Amino acid sequence: MMLNFELKVVQARNLKGKDFGGLFSDPFVKIITNQCTQQTTYINNTRNPYWNQSFNIQLYPNETIRFEVWDYDTFGKNDFLGSTSYKPFLNNNR
């Protein structure tokens, strides 16, 4: 049984700087589940981005969500900034 819910990516603080000699990044977040990958928009020239973006997520019970933060680069590869995982407690006994 798959469960649906809304997930909001609000902000990040004190990210690594990958542009302009380490002063800034253009960060965005990838939200990765077994079903799909979604991502926020990127925010230019900041180490403290505020996205406040909502996503509709479908998960199986006991599934883990992976969050990856990247620095967007117009030319070349995006730079990896970090990641974390979250396994929500989904009680489907309503």
Side-chain angles (χ1 to χ4, degrees):
M1 173 183 190
M2 191 171 279
L3 303 168
N4 298 309
F5 66 98
E6 181 181 22
L7 176 120
K8 184 177 272 192
V9 177
V10 179
Q11 67 183 19
R13 295 185 197 149
N14 302 316
L15 296 175
K16 296 177 196 171
K18 291 290 189 174
D19 300 332
F20 305 109
L23 294 177
F24 300 107
S25 284
D26 305 314
F28 67 95
V29 177
K30 289 184 182 181
I31 303 107
I32 303 164
T33 67
N34 290 342
Q35 289 69 43
C36 69
T37 298
Q38 300 181 62
Q39 69 182 47
T40 66
T41 57
Y42 68 90
I43 308 294
N44 282 320
N45 301 327
T46 185
R47 292 178 50 223
N48 300 292
Y50 184 79
W51 295 283
N52 199 35
Q53 285 186 254
S54 296
F55 298 88
N56 292 315
I57 303 290
Q58 293 184 323
L59 291 178
Y60 290 107
N62 297 316
E63 185 176 341
T64 299
I65 304 169
R66 180 168 171 84
F67 299 91
E68 294 181 353
V69 183
W70 293 82
D71 168 47
Y72 176 80
D73 288 325
T74 303
F75 304 105
K77 282 179 56 174
N78 295 330
D79 300 308
F80 181 75
L81 296 175
S83 67
T84 191
S85 297
Y86 179 67
K87 188 173 190 176
F89 175 75
L90 300 175
N91 184 353
N92 57 3
N93 298 326
R94 292 183 179 206

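Computed from a prediction, not measured in an experiment: that's the story for all the values here.
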Smallest separation among heavy atoms of Phe55 and Ile31, with atom names: CE1-CD1, 3.7 Å
Side-chain (Asn78) to main-chain (Asp73) donor-acceptor, under 3.5 angstrom: yes
Taking every non-hydrogen atom, the tightest pair across Arg47 and Leu23: CD-O, 3.1 Å
Nearest-0.5 Å distance that lies between atom CD in Gln11 and atom CD1 in Ile43: 11.5 Å
Sub-4.5 Å side-chain heavy-atom contact between Phe67 and Leu7: yes
Distance in Å, Arg66 CZ paired with Thr37 OG1, rounded so as to fall on 0.5 Å steps: 10.5 Å
Exam field: side chain Asp71 to backbone Asp26, donor-acceptor pair closer than 3.5 Å: yes
Donor-acceptor under 3.5 Å (Trp51 side chain, Phe28 main chain): no
Same apolar cluster (I L V M F W Y, side chains within < 4.5 Å links), Ile32/Met2: no
Straight-line distance of Thr46 OG1 to Asp19 CG, nearest 0.5 Å: 11.5 Å
Partner of Trp70 under side-chain contact (heavy atoms from CB on, under 4.5 Å), chosen from Lys30, Lys77, Gln39: Lys30
For the student: nearest non-hydrogen atoms of Asn52 and Lys8, plus distance: OD1-CD, 3.3 Å
Closest non-hydrogen atom pair between Glu63 and Asn34, with its separation: OE2-N, 2.7 Å
Any donor-acceptor N/O pair, Asn48 side chain to Asn14 backbone, under 3.5 Å: yes
Minimal non-hydrogen separation, Pro27 against Leu15, with atom names: CB-CD1, 3.6 Å
Heavy-atom closest contact (Ile57 atom, Gln38 atom, distance): CD1-NE2, 3.7 Å
Same apolar cluster: Val9 and Tyr42, side chain cutoff 4.5 Å: no
Audit row: Asn56, Asn4, side chain to side chain contact (heavy atoms under 4.5 Å, CB included) steps and yes/no: CA-CA 7 Å; Asn56 292 315; Asn4 298 309; over 6 Å; no
Residue pair Ser85, Thr64: steps toward the side chain to side chain contact (heavy atoms under 4.5 Å, CB included) verdict: CA-CA 7 Å; Ser85 297; Thr64 299; 3.7 Å; yes
Val69 reachable from Tyr86 in the ILVMFWY side-chain graph, under 4.5 Å edges: yes
Thr33-Gln58 side chain donor-acceptor pair, cut-off 3.5 Å: no
